[in-house]
Amino acid sequence: MKQNPKTSLKIISYNLKYHRANKELESLAINYDADILCIQECHAEKLPDRIAHLTLGEKTASGKFNLAIYYRMGRFFATDTSSHVLKNSVLERIYMPQMERLLVTKIYDCITRREFSIGSFHATHLIASNYLRRSQIKDAHDLLADISGKSSAIMVGDYNYPLFKRGLKVCIEESGYQMNLSDHPTYYLNKFMRAHFDLATSINAEIERVLTLPKGISDHAPILVHVAV
């Protein structure tokens with residue numbers, strides 16, 4: 001049986017900084033002709049059902065900082081969606097309400113007639129250790145792999161992991177995924193210190209390139225992921 005050819009998708013991931021950069025989403029979707037948009041640190045109740053040519057697939061509702069996934073209308077439709085709470089730091093358990101840190105949407109592509117899974121991910125802030133974030137990333141990858149099965153899976157978002165990326169790379173590859181950094185830093189601590197906070201990880205998918213887009217209102221720059229599925 002002849003297999004359908006692979007196609008390239010354009011996925012944008014953006015941490016909105018407490019929803020402040022929400023007004024930039026429409027121009028990002030249009031200017032870069034995005035197929036999928038994953039956002040972090042949004043306010044779920046303020047999200048529109050549509051952003052340009054993208055429709056809201058799902059959003060989380062609990063906690064202060066929400067996640068959401070949009071996808072191109074007409075080409076894709078969601079076949080399953082789920083949100084997941086991951087291990088929290090001690091300070092989070094004491095001072096913050098429980099929140100989902102992973103949102104997964106399983107999507108059917110009407111062009112390739114394939115399913116693939118998209119994860120929007122937000123690791124704990126720097127109040128916690130790298131060890132905790134590696135644990136969150138591993139758990140998120142395991143959940144995403146269980147959902148996607150043998151189909152392609154891509155997880156994008158704010159990994160909050162500025163230093164010691166060698167250990168992160170080892171952790172990611174041990175779970176069967178590949179780590180993909182963008183061409184320029186995505187987070188600006190100040191005018192002298194910059195780091196890659198926003199990443200793409202993938203399994204059974206070919207990441208062609210990851211670009212850091214121009215910085216806007218947020219302290220994070222959005223990233224544009226070109227992926228073949």
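Remember, it's a predicted structure, so these values are computed and weren't measured experimentally. Numbers here simply count residues along the sequence, with the first being 1.
When the shell of 6.0 Å around CG of D33 is examined, it contains more than 12 heavy atoms from other residues, nucleotides or ligands.
When each of N160, V156, L86 is checked for a side-chain contact (heavy atoms from CB on, under 4.5 Å) with F121, only L86 meets the rule.
Here the side chain of S117 pairs no donor or acceptor atom with the backbone of A153 at under 3.5 angstrom. Under the 3.5 Å distance criterion, the side-chain polar atoms of K59 are left unmatched by any main-chain donor or acceptor of C42. A donor-acceptor pair under 3.5 Å is formed between the side chain of R101 and the backbone N or O of A123. Panel note: side chain T79, backbone Y108; no donor-acceptor pair is recorded below 3.5 Å. No donor-acceptor pair under 3.5 Å is formed between the side chain of R75 and the backbone N or O of C110. Using a distance-only test at 3.5 Å, with no hydrogens or angles considered, a donor-acceptor pair links the side chain of T60 to the main chain of L67.
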Report task. Could you give me the CA-CA distance, side-chain angles and deciding distance for Q40 and S13, then say whether side chain to side chain donor-acceptor pair (under 3.5 Å) is met? Result -> CA-CA 8 Å; Q40 305 87 40; S13 176; 3.2 Å; yes
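Residues S151 and S148 come closest through the heavy atom pair OG-O, 2.5 Å. In plain terms, the two heavy atoms of H196 and H184 that are nearest each other are NE2-O, 3.0 Å.
Residues V210 and I203 are members of separate hydrophobic clusters, defined by side-chain heavy-atom contacts under 4.5 angstrom among Ile, Leu, Val, Met, Phe, Trp and Tyr.
Using cut-offs of 30° and 60° on the angle between ring planes, the pair F197 and H220 is perpendicular.
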